[in-house]
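As the structure is a prediction and not an experimental result, all values here were calculated from the model.
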Amino acid sequence: MRSWLRWKILSCILEAGSTRLLSDALPIPMSRPILATIDIGALKRNLAVVRRHAPRSRVLAVIKANAYGHGLVRAARALSDADGYGLIELESAVRLREAGFRQRILLLEGYFEPNELPVLAEHGIAAVVHHADQIRMLKELPKEAGLDIFVKLDTGMNRLGFEAAALPAAIADLKRERAVKSLTLMTHFATADEARGVGWQMQVFERAADGLDLPRSLANSAAVLRHPETHADWVRPGIMLYGCSPFAESTGPELDLGPVMTLESSVIAIQNMKSGETLGYGGMFTAERNTRVGVIACGYADGYPRHAPNGTPVVVEGRMTTTLGRVSMDLLCADLSDIPEARVGSRAVLWGATVPVERVAAAAGTVGYQLLCALAPRVQIVEI
């Protein structure tokens with residue numbers, strides 16, 4: 001009845017030519033219980049962990065991909081003690097400048113077209129240069145542009161960067177460009193989070209950088225935590241700022257990192273399955289006993305991984321249990337058989353302090369990075 005009444009009111013407003021919003025005429029509460037809570041204090045504390053590990057380095061906080069799903073400006077404000085920010089999108093960099101941020105801002109993939117360069121110069125945005133065409137584009141700028149450039153060396157990742165043999169010529173060309181104010185040498189590690197470590201890439205880097213008196217930026221989150229020899233002038237932490245471990249064998253709290261995002265919802269229905277019955281699309285779960293099932297308002301359209309299998313951890317009423325059946329667009333199911341106090345309205349935590357996002361990701365065959373970045377726009381976000 002309330003839905004019909006709300007629609008009727010909207011129709012009358014439109015017919016009357018009113019410009020008032022429906023929300024002005026009839027306040028509409030949030031229609032689903034799913035919620036992402038962002039712990040601003042945890043962001044600040046995680047930055048302090050970076051400082052503790054790399055006390056002599058400047059910190060370039062990586063806030064690309066909408067700060068890994070946490071909100072660009074929200075994260076930048078929480079991380080305002082960082083010496084700079086790293087991201088991908090020029091429009092996001094300009095947005096930070098317009099919001100009043102004066103720290104160094106670095107475009108981690110650099111610029112793509114010459115028409116971006118005047119915008120970088122106007123807003124004082126630094127850029128990574130990783131191929132010769134980018135150097136040629138610089139010729140379009142006047143000498144007073146004063147760009148800060150990070151020159152990327154490919155030491156084995158084989159994605160972006162100059163080969164070691166091409167680096168001296170690239171450096172020489174950049175030094176001749178009048179628009180360039182400063183140069184920093186950087187690389188990116190492929191296996192800092194694995195047993196192979198960084199030594200094999202550091203050998204390439206040190207040989208190529210021999211004789212180049214330039215500041216250096218090397219360490220990602222894994223290297224910040226595990227390889228102090230890489231800290232150099234600038235470190236570039238990303239995932240650790242959000243309380244997530246870069247290592248497959250550990251979680252953020254085990255590294256003294258606080259999870260920043262908690263994704264939670266509520267049980268909206270309870271079903272009682274008999275032994276032998278199946279659940280959900282495709283009947284991916286068959287009950288081996290009488291099973292009490294909680295239906296939770298969260299699905300892959302909210303950012304939860306559709307491929308999460310039976311047995312993925314979830315907390316209901318503060319107690320650990322597991323998912324059952326296939327995740328659908330708007331719903332997933334959890335086993336409440338051993339949580340008799342659970343009821344319609346019970347809180348369900350999909351990931352957060354009580355359910356590390358790394359464990360959910362591991363069950364789904366992915367990484368915590370992907371789950372955090374995939375948070376859907378329809379999920380309400382609240383800061384604490």
Side-chain angles (χ1 to χ4, degrees), residues 46 49-50 53-54 57-65 68 84-88 106-110 112 127-132 134 149-168 170-171 184-210 212 214-252 254-255 257 357-358 361-362 364-374:
N46 294 338
V49 173
V50 176
H53 280 270
S57 303
R58 288 182 287 178
V59 177
L60 193 81
V62 178
I63 55 174
K64 61 183 179 178
Y68 291 49
Y85 304 105
L87 37 72
I88 301 295
L106 176 66
L107 296 181
L108 295 168
E109 291 180 0
F112 307 96
V128 169
V129 166
H130 54 82
H131 64 78
Q134 289 176 309
I149 297 295
F150 280 54
V151 188
K152 190 163 193 175
L153 173 67
D154 178 14
T155 55
M157 177 74 84
N158 289 316
R159 295 190 315 185
L160 302 179
F162 294 96
E163 294 181 358
L167 183 66
I171 295 290
T184 300
L185 191 59
M186 69 181 293
T187 195
H188 194 56
F189 295 125
T191 55
D193 58 330
E194 300 176 6
R196 190 179 183 188
V198 301
W200 61 285
Q201 287 184 266
M202 284 299 293
Q203 290 178 7
V204 176
F205 184 88
E206 293 296 349
R207 285 196 300 268
D210 185 37
L212 296 176
L214 295 174
R216 300 177 176 190
S217 177
L218 307 170
N220 55 8
S221 290
V224 167
L225 293 166
R226 188 171 283 179
H227 303 287
E229 71 276 15
T230 69
H231 291 171
D233 299 280
W234 288 89
V235 293
R236 306 190 307 272
I239 194 66
M240 69 180 294
L241 293 172
Y242 308 99
C244 186
S245 170
F247 308 115
E249 70 276 10
S250 65
T251 64
E254 292 168 346
L255 299 170
L257 300 169
V357 69
E358 301 95 325
T366 185
V367 291
Y369 302 69
Q370 184 181 28
L371 301 193
L372 297 175
C373 291

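- Here T187 contributes atom OG1 and K152 contributes atom NZ; the two are 7.0 Å apart, rounded to the nearest 0.5 Å.
- A search for side chain to side chain contact (heavy atoms under 4.5 Å, CB included) contacts involving T366 returns H307, A361, A364, Q370, L371, not counting sequence neighbours.
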Notebook entry, point to check: Taking it one step at a time, do V49 and M240 satisfy side-chain contact (heavy atoms from CB on, under 4.5 Å)?
Noted result: CA-CA 9 Å; V49 173; M240 69 180 294; 4.1 Å; yes
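- The CG atom of L185 sits 13.0 Å away from the CD1 atom of I149 when rounded to the nearest 0.5 Å.
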Check: side-chain contact (heavy atoms from CB on, under 4.5 Å) between L212 and L167: does it pass, once the steps are laid out?
Finding: CA-CA 10 Å; L212 296 176; L167 183 66; 4.0 Å; yes
Note to self: Determine whether L214 and V151 satisfy the following criterion, side-chain contact (heavy atoms from CB on, under 4.5 Å), listing intermediate values before the conclusion.
What the structure shows: CA-CA 10 Å; L214 295 174; V151 188; 5.7 Å; no
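- Residues passing the salt bridge (charged side-chain N to carboxylate O under 4.0 Å, His left out) test with R216 are E206, sequence neighbours excluded.
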Note to self: Does L241 form a side-chain contact (heavy atoms from CB on, under 4.5 Å) with V62? I'd like the steps, not just the answer.
What the structure shows: CA-CA 8 Å; L241 293 172; V62 178; 5.6 Å; no
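- Residues G243 and L257 approach most closely at CA-CB, 3.9 Å, considering heavy atoms.
- For the pair L108/L87, no side-chain contact is recorded, criterion being any heavy-atom separation below 4.5 Å from C-beta on.
- Distance CD1/I239 to CD/E358: 8.0 Å, rounded to 0.5 Å.
- Every residue was checked against the ring-ring contact (aromatic ring centres under 6.0 Å, His included) condition with F189, not counting sequence neighbours, and none meets it.
- In this structure, A223 and A192 approach most closely via the heavy-atom pair N-CB, 4.0 Å.
- For Y68, there are no side chain to side chain donor-acceptor pair (under 3.5 Å) partners, not counting sequence neighbours.
- Judged by distance alone, with hydrogens and angles left aside, the side-chain atoms of H130 form no donor-acceptor pair with the main-chain N or O of G110 at under 3.5 Å.
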When the side chains of residues 156-165 are checked against the rest of the protein, which donor-acceptor pairs come out under 3.5 Å, sequence neighbours left out?
from: N158; atom 1: ND2; to: G156; atom 2: O; distance (Å): 3.4

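- Not counting sequence neighbours, the partners of Q201 by the side chain to side chain donor-acceptor pair (under 3.5 Å) test are T155.
- Not one N or O on the side chain of T230 forms a donor-acceptor pair closer than 3.5 Å with the backbone of A219.
- Every residue meeting the side chain to side chain contact (heavy atoms under 4.5 Å, CB included) condition with S57, not counting sequence neighbours, appears here in chain and number order: A54, H231, V235.
- The salt bridge (charged side-chain N to carboxylate O under 4.0 Å, His left out) analysis of residues 217-231, with sequence neighbours excluded, yields the pairs R226-E249.
- Shown here for P246 and L255, the closest heavy-atom pair between the two residues is CD-CD1, 4.1 Å.
- Pairs engaging residues 233-248 under the side chain to side chain donor-acceptor pair (under 3.5 Å) rule: H188-R236, S217-R236, S245-S250 [sequence neighbours left out].
- Summarising the geometry of T191 relative to G197, their closest heavy-atom pair is OG1-O, 2.7 Å, with the distance given to 0.1 Å.
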